[in-house]
Amino acid sequence: MGTASSMVSPSEVIEDVYGGEGGEACEIPVEVKPKARLLRSSFRRGPRVIGASFKSTGSVELEYAAEYERLRKDYEIFRVSKNNEIASMQKKEAKLDEENKRLRAELQALQKTYQKFLREKESALEAKYQAMERAATFEHDRDKVKRQFKIFRETKEKEIQDLLRAKRDLESKLQQLQAQGIQIYDPADSDSDDNRTTVTTAGTQCEYWSGGILGSEPSMGSMMQLQQTHRGPEFAHSLIDVEGPFANVSRDDWDAAVASLLQVSPHVSQALWSNTVRCYLIYTQETRAELQAFIQTHSLRLQRFCEGLGHFYLNVSFPEEKAALYAAERRQEIKRSSVCVLLLKSSVSSCVVEDVEEAFVETPDSRPLLLYLRTGERKGEKEEVSTLSPSTRDLLERVNKADKSAKLKVVDHAGSVEEGAALIFTQLERVIKQELLGLELEESGAVEEREEEDSGDVLWDLHDEQEQIEAFQQACSSASRFSFQKYVDRLNDMVAAPPPTPPLLVSGAPGSGKSLLLAKWLIELQQKHSPNALILYHFTGHPLSTSTDPVLIIKRLTVKLLQHFWSISGLSMDPSKILEEFPRWLERLSAHHHGNIIIIIDSIDQMQNAERHMKWLIDPLPANVRVLVSVNVETCPQAWRLWPTLHLDPLNPREVKSLISTECVNSDIKLAKDQEKKLERHCRSAATCNALYISLLARLITHSRSSWTLERTLQQCALCQGTVSLYRLGLKSALDSLSTDQEKHIMKELLCLVCASHNGISESEALELFPDLSFPALTSLLHNLERLLIITYACGLIHFQHPQACEAVNQEFLDGGKCRGSYSEKIIRFFSEQVTWRVADELPWLLQQQEDRSKLQMSLLNLFVSQNLYKRGHFSELLTYWQFVGKDKCSMATEYFDSLKEFEKTCESEQSMSRLANLYETLGRFLKDLGLLSQAVAPLQRSLEIRETALDPDHPSVAQSLHQLAGVYVHWRKFGNAEQLYKQAMEICENAYGPEHSTVARELDSLSLLYQKQNKYEQAEKLRKRSVKIRQKTARQKGHMYGFALLKRRALQLEELTLGKDSADCAKTLNELGVLYYLQNNLDAAKMFLTHSLEMRQRVLGPDHPDCAQSLNNLAALHSERKEYESAEELYERALDIRKRALAPDHPALAYTLKHLAMLYKRRGKLEKAVPLYELALEIREKSFGPKHPSVATALVNLAVLYCQLKQHSDALPLYERALKVYEDSLGRLHPRVGETLKNLAVLSYEEGDFENAAELYKRAMEIKEAEPSLVCGKAPSRHSSSGDTFSLRSPALPHTSR
């Protein structure tokens, strides 16, 4: 075997089948091993051997030559091999270079494409933002035009139908007359207009509403839209079957009943008279020490506590030695008192007995009562026991006998005076906190902190609301003296006029009785009209008070409007937006309200820039909205004079005589004939026969304290030719009735201070301003001035009863206003030393009136003043002050932030740091409302940092800061950050309060709205449902909007009506009482009254009367609430049997009972028994409303759902399709009902395996849901709504269509 060199020559080329470049041939080097002998000889070393033979030498050379040749060949092979490798590497390098160039070109192309897409994205975003801005710009005009067109179209269609109906009636009458041979006279044949009569009624359109007449017949679409407002059985989803104001009230939506009661009984606490805790103290000479110790040591603490909650505190007491001089004042103060305290030891005086009889015996249930009985006194280790006198013992027995409800609290004390005063303070503090202010007490007796819903802005000031209530009550009491019946009838006619109806103008001279007329008409309206009528009112005070601020007025009306529709979370705080959005809220909510919305605004011309801020009155009002405004004739804007007007005429002589005679009879004064004639001659001009002038004149004549004789009074009154001059005479008469110069001086000073103030002066402030003035002297003075109609009380403040009284003080005591500045300075000095909520009311306004910008700025930088104004809802007032100072929004924010930093340097304690965090948070919210989001973040973050450091990272206040900060991120559309903060806040609230607290519901609502903005509708819906359940449960436990207190008060009134004999009315009252207790979750009491109502109806009306079916239905609902389904089923079946026999087959009440019994069958799994009931309910609805009514479609859907649950899909499909067509034809293709039906159809298709059709239907349903406008932000669907009667199918999630 030879070597490899013998097999392959160097020049041969073979094919490389394993590698190479695509079959290219290359030289393969071959390694050849030399023989061992040759290798050994070739590497042998050493000297050449001399003398060797030639043969041996030649052989060696031959061997070297052979080795050389072999090595040369090896080298050549190696060289060729490496050359081949180099050539191959060069080819690969060239190929990689080409590939690199190609990839570089592609990368450059991709970069260019990316830049192009980026530019397109930026331009698209910019176009989107521009489109959004344009949409926001045109939204107002579009909504306005849409609203006007809708109202105009509906109105004209109704007019056309009325005209066509009237035309048919006239044609039929004409034919009857012609058939009788009577010739009809045609006025067109006459040449003159003398025989024509023009009739103008209250509802006649004036030039304000002039316009073209539609020349077309109403379309079917519009007629269907009008039919939509009919309230069919689907809206009656209540389990409780009642009549009157509590109709259709269910446990999940009982706020409707509260809303109807709120119109008559506002939610402001009725325990306090005029926002003042008046503590009436009755004491004797023996207990004077305890009284003085209490006033000096403990009274100030109660005053500070009440002022911290926004109330006044006043100790009312009359010295025993002077009490007889103030008999009338004592009776009046007892009536006004919030709590009465009696301090006794052994004996009593006659004045004490009178006060105790009035407060403790005659009216023991009118107020909390406290009796302090000092039984003895400790002297060393002995106790001296005091003996009660017979008169005292008899008085205590009468007090004990009158205390039937055991409300009297007795403090029996035998210790020192200081200990007795401390015991009085402890009991009185508990009474004030628990019974008067409604604060909850823990078992230890400490007050549980009230949780303020401080996550959002305070919507209105409680003081403003109470001022409105008191103004309305005062007008009602004054109106009882006048007979406005002719005006009331005309107002009723004007309100009942067909739409469109512009605002109704009640005009008259100052003092003509416009406010009294509106108040009296409002009372009759509440008593006589349907409870569905929603009545909103506002009475303004003097022209410069906060009650004339148009922003506060509109915000208050908006809040009261939204209060009846579950939620108020959509209200903006921006003053300009409040004025702009009110017409939209009015339009939206009026479309969903079944009844009229009546808005009454008194003295609208006294508002600041009324014509500019009330532009919404110029626009056409919704069809069911009526607006009444009162104005003075002299100050009425010209544009409003075209509205329908009711002008108040001066009083006629008979009314003047009746009014004065009534006042004289009440005061035991008899006028002579010549005096009556003199008054009659005097009261003939327009200025001397208006309601205010005559009322004041009668009070002056009967002024018991006046030192003037009756004849002199009449002579002086005859010289007055106007109300202001008569008021000045009243001031002189009041001054003359005072005995000392000091009292006269105090009266002048007090009235001047009231005139110079913003909203008035409180009694406690008057006592501080005049240290020498005692309370009996003050109350006597105020009682006298109130009797003369000069002053009145509003929210605890003394102010003038009429602007003309203020003008009289201005002329009489202030020299026409020239001396006002000194009194303003006095008030400024007084409030500069105070730290109460009253400082924010008075100090900035007074500094603005004096145009002292530097002091005003310093006052606004008092952070507690600004915080008080903002948190009470006086947002626009705060902005007005800063605008007067000359600061824009950004500089104002900087000023506040710098001021807070300076204040932070002085904060060291935990309490001060907590207050600092509250101030930072208020500033952040304020800036957020101003739209300064970037500047709002810093104070909110600082508030969060302080609370986490000073309190605890898991403290509820930290959750509040997180909530506010998340709101800023939502405005910035940084939804990820906002979601994280909301979830963190919710976790803190759940750990602190539990998973079913109202604060948790607040965070759930916020997260739900956030998910809606991100189009995550399923997640949003889950959170919203959970929030609704929490709020409903909270409402039942604590009472939504003081609902329980109102319902309990109504229940007590109804209980008094049930004490009579058995009658149908008494049974009806018992039924309503049972409903009220049912709404309060007091099921035991509800069952007792409902059972009593059923038994009485069976005795009086018979067991088969339909009213018995109502009681059975309500008892069935009660058992169903308790999950006693067998009893509920039996009662429902009895009610159904009675209604089948007593009512027509198509009566809605029969369908009502059928529906609830069917629902109960369905709940218990008796689907087969439920089917015929649903079929019968469908048949009744078809007969009652026709086959194309939405109520019929609802019954179809309910029956189809039942078929689906029975797996009868073939029967369900045509019902769904028919219901869908009815909904689309009657309600429109984008109505939520259409979306619900499409979703049910999608589920049905999915269960049958038709996934493609299911996905398409589900997609349509989601499009309708996304397009559905939100009526009120965060509003839970009421079970009054049409969706409350439709079932929904539960099914697996539908597959999404691939994109």
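Keep in mind the model is a prediction, meaning the values are calculated, not measured. Numbering starts at 1 and runs along the sequence shown.
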Looking only at side-chain N and O atoms, does Tyr1017 offer a donor or acceptor that is under 3.5 Å from a partner on Asn1015? yes

For Glu1179, the salt bridge (Lys or Arg N to Asp or Glu O under 4.0 Å) test, sequence neighbours excluded, returns Lys1183

Which residues satisfy the side chain to side chain contact (heavy atoms under 4.5 Å, CB included) test with Val1000, sequence neighbours excluded? Met986, Cys989, Glu990, His997, Leu1004, Arg1026, Ile1030

Would you mind checking if Glu1224 and Arg1260 are paired as a salt bridge, meaning a charged N to carboxylate O distance below 4.0 Å? yes

After noting the C-alpha distance and the side-chain angles of Arg1097 and Gln1110, does the key distance pass the side-chain hydrogen bond (donor to acceptor under 3.5 Å, both in side chains) rule? CA-CA 10 Å; Arg1097 282 174 167 173; Gln1110 183 192 53; 2.9 Å; yes

Is any NZ, NE, NH1 or NH2 atom of the basic residue among Arg1218 and Glu1182 found under 4.0 Å from an Asp or Glu carboxylate oxygen of the other? yes

Under the rule for salt bridge (Lys or Arg N to Asp or Glu O under 4.0 Å), what residues qualify as partners of Lys1169, not counting sequence neighbours? Glu1129

Could you go step by step and tell me if Arg1163 and Ser1120 meet the side-chain hydrogen bond (donor to acceptor under 3.5 Å, both in side chains) rule? CA-CA 10 Å; Arg1163 183 180 301 171; Ser1120 181; 3.0 Å; yes

Leu1176 CG to Ile1180 CD1 distance, which is reported to the nearest 0.5 Å: 4.5 Å

Give the C-alpha distance, both sets of side-chain angles, the deciding distance and a yes or no for side-chain hydrogen bond (donor to acceptor under 3.5 Å, both in side chains) between Tyr1203 and Ser1210. CA-CA 9 Å; Tyr1203 281 146; Ser1210 58; over 6 Å; no

Applying side chain to side chain contact (heavy atoms under 4.5 Å, CB included), name anything that partners Leu1213, two or more places apart in sequence or on another chain. Glu1217, Leu1241, Leu1244

Tell me every residue that passes side chain to side chain contact (heavy atoms under 4.5 Å, CB included) with Lys1013, counting only those two or more places apart in sequence or in another chain. Val970, Phe975

What residues form a side chain to side chain contact (heavy atoms under 4.5 Å, CB included) with Asp1137, not counting sequence neighbours? Arg1141

At what distance, to the nearest 0.5 angstrom, does OH of Tyr1174 lie from CG of Leu1167? 9.5 Å

